Each structure stands twice: as C-alpha cells, then as structure tokens.
Amino acid sequence: MSIATTNPATGQVLKTFDPMTSEQVDAAIGRAAAAFDTLRRTSFGQRARWLTAAADLLDAERDQVARLMTTEMGKTLAAAKAEVTKCADAARFYAAHAEAYLADEPADAAQVGAVKAYARYRPIGPVLAVMPWNFPLWQVMRFAAPALMAGNVGLLKHASNVPQTALFLDELFRRAGFPAGAFQALLVGSDAVEPILGDPRVRAATLTGSEPAGRAIAAAAGRQIKKTVLELGGSDPFVVMPSADIALAAQVATTARCQNNGQSCIAAKRFIVHADVYDAFCDEFVARMSALKVGDPMADDTDVGPLATDRGRDTVEEQVADAVAKGARVLCGGQRGEGGGWWYPPTVVADLRPPMRMWAEEVFGPVAGLFRVTSYDEAVELANGTSYGLGANAWTTDAGEQERFAEDLDAGSVFVNGMTTSYPQLPFGGVKNSGYGRELSAHGIREFCNVKTVWVG
Ligand code: NDP
C-alpha cells in the first residue's frame, strides 16, 4: 500500500510520500533510545505538564485537525471534532492519574523476610505502535498518553492512508515540550515492521488493526521475545430482550452500527433480537437506518460518509453479496452509492446462516446483521458464537438478566442498555481473536512497564 492521502469522498490522490529509508528508520530509533534515557529520569509532574500542553494544542487546533482526518479517511467532520476533544480529555486524564497508577505497591515485608519490599513500575523503552486509520488520532493517543506518562517513548507506524495525521502527531508532542525523539512517526509500509521489531533498542509493540496484522506482528515480536498488546477486530453482538426499551434500543443500535461510517472495532454488528420484540425492533431499526443521510463528510447534515478505502468497500460489498446469494434478505441499503467516492449505504440484512461470510466475519462498514432468537440461552450462544470477543451489548431491564449477561457474554466488555464506548477510566481490550492485553485505565499504563520487585533486607 503506497503512503498517500487519498480523499475517500472523491477517490482523488491528494498527496504522496516516499517511505523512509532503512537508514532514516535507524536514525529515528537512535533518537528514540536517546530520548528514553532522558524521559525515564523526568518526574511525573514534568511529563504531566508536557502532556497537558499537548491537550491544549489539540483543543486550540481542533477544527483544523478534524478537517485533516476527514480528508484522509472520510469520517464526518462532527465525529472528527469529537475525536480530537476525546484525545485532549484522555491526555489530561493520564496527566492527572499516571503517578497514582504507577505508585510503588508495598508488600508485607515481614512475610518475605525483608525490612521493606515493594513492586515498582518502571518504563521499558521505545515501544512500536502500529496503528489503523479508523480513529487516526484516538487510537494513537490511547497508546501515547499512558506510554509517555510512564516514561516510555513511542515510535508510530501509522496506517499508510493517514500519513498527514501521523505527521501532525509527530509534531504535536515535540511542540508540547517532550524531548526530541520521545514520539516519532515513521512513514514506512507494513514490510518495515518486522525489521523494526528486530532492533534491540525497540522493546515492545502495540497494534490496533486486523487479525492478519495481529498474527504477523505477534509472531515477529515473539521471535524477539518482546511483549505485544493486540487490539484486533470484533463482531460485537447487540442483544435485545423482551423487557428492553425497544425504541431506545433501535435508536442506539443505529448509532452503534453506523458510528465512524460503520468502521469501528467496537461497533455493534450482529443484532440478536428476542422473537417477542423482533418485529417492533426490526421496523424501528430499519426505518432509522434508512433515514440516515449519506454524503459529503464535511457537511453538517451528513450522518454517514464514504468508507475509508476502495478495498474496504469491495470487501463489504462481497460480504453482503455472499449472504444474499446464500439466501439472506436485504431489508434496506445493499447497493454501493454512485460517484467517485467509496459510498456504501446503511444496510440491514436478515436471515443470516452459518455458511455465510457475514455470519463469521467482521463487517467493516454500515451493515447490520439481524438474528431472531427465542430464549436467553439461544441469544448468549449466538452472541458468543464467533471467533471474536471484543465488546458486547445487552438490552434488558430485568436485573437478574443484566447480571447473567455480564457473566455469560464472552467479551472484553459488556455494556448493558448502552453502546460500547471507550473511556480512559475503564480498561479496553478483547478476548479470543479480538486480541489480548488492555489499554486505558490503570491496566493500560502498566502493560508496558517492568513491574520490578524491590526487596531490602
Ligand atoms: P490492517 O490491520 O491491515 O492495518 C492496520 C495497521 O497494521 C496499519 O498500520 C497497517 O499498515 C499495519 N499492517 C497491516 N498488515 C501488517 C503486517 N502484516 N505487518 C505489520 N503491519 C501490518 O487494517 P486494514 O486497514 O487493512 O483493514 C482491514 C480490516 O482490519 C478491516 O476491514 C477491519 O476488519 C480490521 N480493522 C480493525 C480495526 C480495529 O479498530 N480493530 C482498525 C482497522 C482495521 P499499512 O496501512 O501500511 O498496511
């Protein structure tokens, strides 16, 4: 994939970039190693001041950064602005909480024959972050804010279709005051990842992206005995039970499926509805999905912009065609839009069955699969019946059922009567093929730390 900004609303290539040479990458890793030596000796207070300055820059430049993201990957401008604000908030959150999250943890010294004994969190060094285009600022900030507060340094290999957002991030942390080399973007293709991971100065890697990318990076890191955190895809279930507020569930289902033009790992993708309320939910959901306005992502009244890549749109189209060929019914949408951009409308598909690709695969576009079930057990079995386990939604006002869903849904998060969202205060990550490790909260900042045991006799 060439490194270029291509406007998904027009298909027009706006700017291309030459990949960095291996010598340039080597020099960047050298700067990262030197910056680590400085950063790890700075205080939490100093790092917090720099990160807060980065948050201030994001607030001040919100509209301009948002336009850049919309131009590069097609999310609506309103969503892009919200993403910038979310990044600034997360930066401030870690500036405020990192020191407490990484405070020494004393043990009972007498029990281990010591005068004092404790666990201390220390940074581990340069971490490679391989990031996707779908939330081009947020996915990076989710890694960078805790990493920098812990005293680690970041090397960003961003998706090849968002190079200008990558360069903005490269400059952001330097402008905020962090030492040169503390956070750098490497404009390289995915073929450069394995050699970078092989460099002894690079200590770990984090990836948000597809399952194949996860397998490749985990294997390469494994050969080097380096830790990875993987945030991969999801095919999140959205279960609606008879006691649910059906109108609200259908409204949130529409947002949950179509947020970010349907390209979110934690978007609800499979709508599993109890037979008692299936028709009511289906009517409301299809009406809401059909009413969404697809169009220019820069326009204020647009709900759904283009898909980010031509290839991504082809995949969604093939998944729907495969389901239809095998007997599924399209209740709305289902045909690519006209014009030069990569348009695909909000679509609802019913009667999905196991041989269909939509049954098992993640659909990275605004396409919902509808399923009818007749019991709690059937709902849970279906919800858990994919290789993924990122988020899960359950809609029920029955307190006992809420507790059972929290227990039984096999996912990194369960949201009851609300859509899955990431918060700096809560851990974020998946189980099964959705990946491992956690981002955000105290769990996230500790992933790339050496939990050092200190025993003093
Ligand atoms: P990818 O996983 O291919 O891209 C994500 C990042 O990984 C990019 O920086 C990419 O670089 C890099 N990458 C890809 N393959 C490798 C590899 N073998 N070794 C090292 N780095 C690699 O996502 P796509 O953009 O191709 O999207 C494909 C599918 O992935 C989507 O349809 C969706 O299902 C899933 N996805 C999930 C995301 C999530 O949030 N969990 C985000 C994005 C995609 P480069 O851009 O240079 O190829």
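These numbers come from a predicted model, not from an experiment. For reference, positions follow the sequence shown, starting with 1. Counting starts at 1 for both ligands and their atoms, following the listed order.
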Side-chain donor/acceptor of Lys227 to backbone N/O of Glu447, under 3.5 Å: yes
Which of the ligand 1 atoms, numbered from 1, are nearer than 4.0 Å to a heavy atom of Val193: 20 (C), 21 (N)
Proximal atoms of ligand 1 relative to Ser160 (non-hydrogen, under 4.0 Å): 45 (P), 46 (O), 47 (O)
Sub-3.5 Å N/O-N/O distance, Val188 and ligand 1: no
Side chain, backbone, both or neither: Thr315 near ligand 1, heavy atoms under 4.0 Å: neither
Tyr436 and Thr228: side chain donor to acceptor below 3.5 Å: yes
Distance under 6.0 Å and angle within 45° of ring axis: Arg288 vs Phe285: no
Ligand 1 atoms in contact with His158 (distance to a heavy atom under 4.0 Å): 9 (O)
Per-atom contacts of ligand 1 with Cys265, taking only distances under 4.0 Å to non-hydrogen atoms: 39 (C), 40 (O), 41 (N)
Near-ring test Phe371/Trp359, centroid separation under 6.0 angstrom: yes
Taking atom 15 (N) of ligand 1 as the reference point, the nearest protein heavy atom with its distance: Ala213 CB, 3.6 Å
Per-residue contact class, Phe135 against ligand 1 - non-hydrogen pairs under 4.0 Å: neither
Identified side-chain hydrogen bond (donor to acceptor under 3.5 Å, both in side chains) counterpart of Ser422 within the set Glu439, Lys86, Arg142: Lys86
Thr309 and ligand 1 - part of the residue with a heavy-atom distance under 4.0 Å: neither
Side-chain ion pair, Asp26 and Arg31, N-O less than 4.0 Å: no
For atom 21 (N) of ligand 1, closest protein heavy-atom neighbour: Ser190 CB, 3.5 Å
Sub-4.0 Å atoms of ligand 1 with respect to non-hydrogen atoms of Arg311: 26 (O)
Gln184 (side chain) donor-acceptor with Ala28 (main chain) under 3.5 angstrom: yes
Closest protein heavy atom (residue, atom, distance) for atom 30 (O) of ligand 1: Ser210 CB, 2.9 Å
Aromatic ring proximity Phe364/Trp133, centre distance under 6.0 Å: yes
Verdict with supporting geometry, Phe238 and Trp395, ring-ring contact (aromatic ring centres under 6.0 Å, His included): CA-CA 8 Å; Phe238 186 107; Trp395 287 76; 5.6 Å; yes
Note: Arg329-Asp351 ion pair, threshold 4.0 Å (strictly below): yes
Distance, nearest 0.5 Å, that separates CD of Gln139 from OG1 of Thr206: 9.5 Å
Gln139 to ligand 1, any heavy atom closer than 4.0 Å: yes
Lys269/Asp236 salt bridge by N-O under 4.0 Å criterion: no
Atom 18 (N) of ligand 1: nearest protein contact (heavy atom, Å): Ala216 CB, 3.5 Å
Heteroatom distance test (Leu232, ligand 1): nitrogen or oxygen, under 3.5 angstrom: yes
Numbered atoms and elements of ligand 1 in range of Val130, under 4.0 angstrom, heavy atoms: 6 (C), 7 (O), 9 (O), 12 (C), 21 (N)
Protein contact of atom 25 (O) of ligand 1 - nearest heavy atom, named by residue and atom, plus distance: Trp133 NE1, 2.4 Å
Region of Gln263 engaging ligand 1 - heavy atom pairs below 4.0 Å: neither
Heavy-atom donor-acceptor pair, Arg62 side chain to Thr85 backbone, under 3.5 Å: no
For atom 38 (C) of ligand 1, closest protein heavy-atom neighbour: Phe364 CZ, 3.7 Å
Contacting atoms of ligand 1, where contact means under 4.0 angstrom from a heavy atom of Pro132: 42 (C), 43 (C)
Backbone N/O of Asn384 and side chain of Asp410: donor-acceptor pair under 3.5 Å: no
Close-contact set for ligand 1 against Lys157 heavy atoms, below 4.0 Å: 9 (O), 11 (O), 45 (P), 47 (O)
Min heavy-atom dist Ile266 to ligand 1 below 4.0 Å: no
Identity of the nearest option to atom 33 (C) of ligand 1, non-hydrogen atoms only, from Glu362, Met73, Glu361, Arg215: Glu362
Closest approach of any protein heavy atom to atom 9 (O) of ligand 1, naming residue and atom: Met131 O, 2.8 Å
